[in-house]
Amino acid sequence: MSECIFCKIASGKIPAKEVYRDDRVVAIEDLNPQAPTHLLVFPVAHHDTIADASSGGGPLAGELIDVAARLGTERGGDAGFRLVVNTGADGGQTVGHVHVHVLAGRRMAWPPG
Ligand code: 5GP
Ligand code: ZN
């Protein structure tokens with residue numbers, strides 16, 4: 001099976017603007033930002049969705065949220081930030097490698113469309 005786009009970014013085969021990396025988690029700038037700060041936090045290992053990433057009961061889903069919340073706090077400051085995990089077709093997921101969006105730097109509407 002060919003690697004997905006985020007697997008290729010995680011392994012360095014294609015470039016991205018990385019803002020964080022550890023053994024298990026990578027964070028990059030989104031190519032098509034929807035806010036002044038728009039980061040994507042995803043695991044080095046491939047999992048299709050957040051449901052898959054958490055299904056084994058391991059710490060991975062929590063690790064993604066931890067990194068995302070830290071980056072959101074750094075970027076958003078007192079004004080705040082938003083974490084989004086689009087999942088499946090109805091959730092609007094377009095890249096099938098779980099990722100947490102970190103959005104900050106502008107006031108965002110709720111509910112989403
Ligand atoms: P989703 O719609 O799956 O929740 O979000 C996928 C996100 O990945 C989109 O915001 C899109 O702009 C971003 N994206 C897609 N391909 C690339 C890429 O090659 N590099 C980067 N940095 N972001 C990408
Ligand atoms: Zn992947």
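Values below: every heavy atom of this structure, side chains too, minus hydrogens, waters and symmetry copies. Both counts, for ligands and for their atoms, begin at 1 and track the order of listing.
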Visitor: Answer whether the closest heavy-atom distance between the side chains of Phe81 and Leu103 falls below 4.5 Å.
Guide: no
Visitor: Do Arg75 and Val19 pass the side-chain contact (heavy atoms from CB on, under 4.5 Å) test, and can you show the C-alpha distance, the side-chain angles, and the key distance before you say yes or no?
Guide: CA-CA 11 Å; Arg75 302 298 184 97; Val19 298; 3.6 Å; yes
Visitor: State plainly whether one hydrophobic cluster holds both Ile9 and Val95, where clusters connect Ile, Leu, Val, Met, Phe, Trp and Tyr through side-chain heavy atoms under 4.5 angstrom apart.
Guide: yes
Visitor: Around the Zn ion (ligand 2), how many protein N/O/S atoms fall inside 2.8 Å?
Guide: 4
Visitor: So do Val44 and Val26 actually touch side chain to side chain, heavy atoms under 4.5 Å?
Guide: yes
Visitor: Would you say Phe6 and Val98 make side-chain contact, with heavy atoms under 4.5 Å?
Guide: no
Visitor: Are any non-hydrogen side-chain atoms of Tyr20 and Ile28 less than 4.5 angstrom apart?
Guide: no
Visitor: Would you check if the distance from the ring center of His101 to the ring center of His99 is below 6.0 Å?
Guide: yes
Visitor: Tell me, do Val102 and His38 make a side-chain contact under 4.5 Å, heavy atoms counted?
Guide: no
Visitor: Heavy-atom distance under 4.5 Å between the side chains of Arg24 and Pro59, does that happen here?
Guide: yes
Visitor: Enumerate the pairs of nitrogen or oxygen atoms, one from ligand 1 and one from the protein, separated by less than 3.5 angstrom; state names and distance to 0.1 Å.
Guide:
unit_1   : atom_1 : unit_2 : atom_2 : d
ligand 1 : 2 (O)  : Gly92  : O      : 3.1
ligand 1 : 2 (O)  : Thr94  : N      : 3.3
ligand 1 : 2 (O)  : Thr94  : OG1    : 2.8
ligand 1 : 3 (O)  : Thr94  : N      : 2.7
ligand 1 : 3 (O)  : Thr94  : OG1    : 3.2
ligand 1 : 3 (O)  : Val95  : N      : 3.0
ligand 1 : 3 (O)  : His99  : NE2    : 2.9
ligand 1 : 4 (O)  : Asn86  : ND2    : 2.8
ligand 1 : 4 (O)  : His99  : NE2    : 3.0
ligand 1 : 4 (O)  : His101 : NE2    : 2.7
ligand 1 : 5 (O)  : His99  : NE2    : 3.0
ligand 1 : 5 (O)  : His101 : NE2    : 3.2
ligand 1 : 10 (O) : Asp30  : OD1    : 3.2
ligand 1 : 10 (O) : Asp30  : OD2    : 2.5
ligand 1 : 12 (O) : Asp30  : OD1    : 2.5
ligand 1 : 22 (N) : Glu29  : O      : 2.9
ligand 1 : 22 (N) : Leu31  : N      : 3.4
ligand 1 : 23 (N) : Leu31  : N      : 3.3

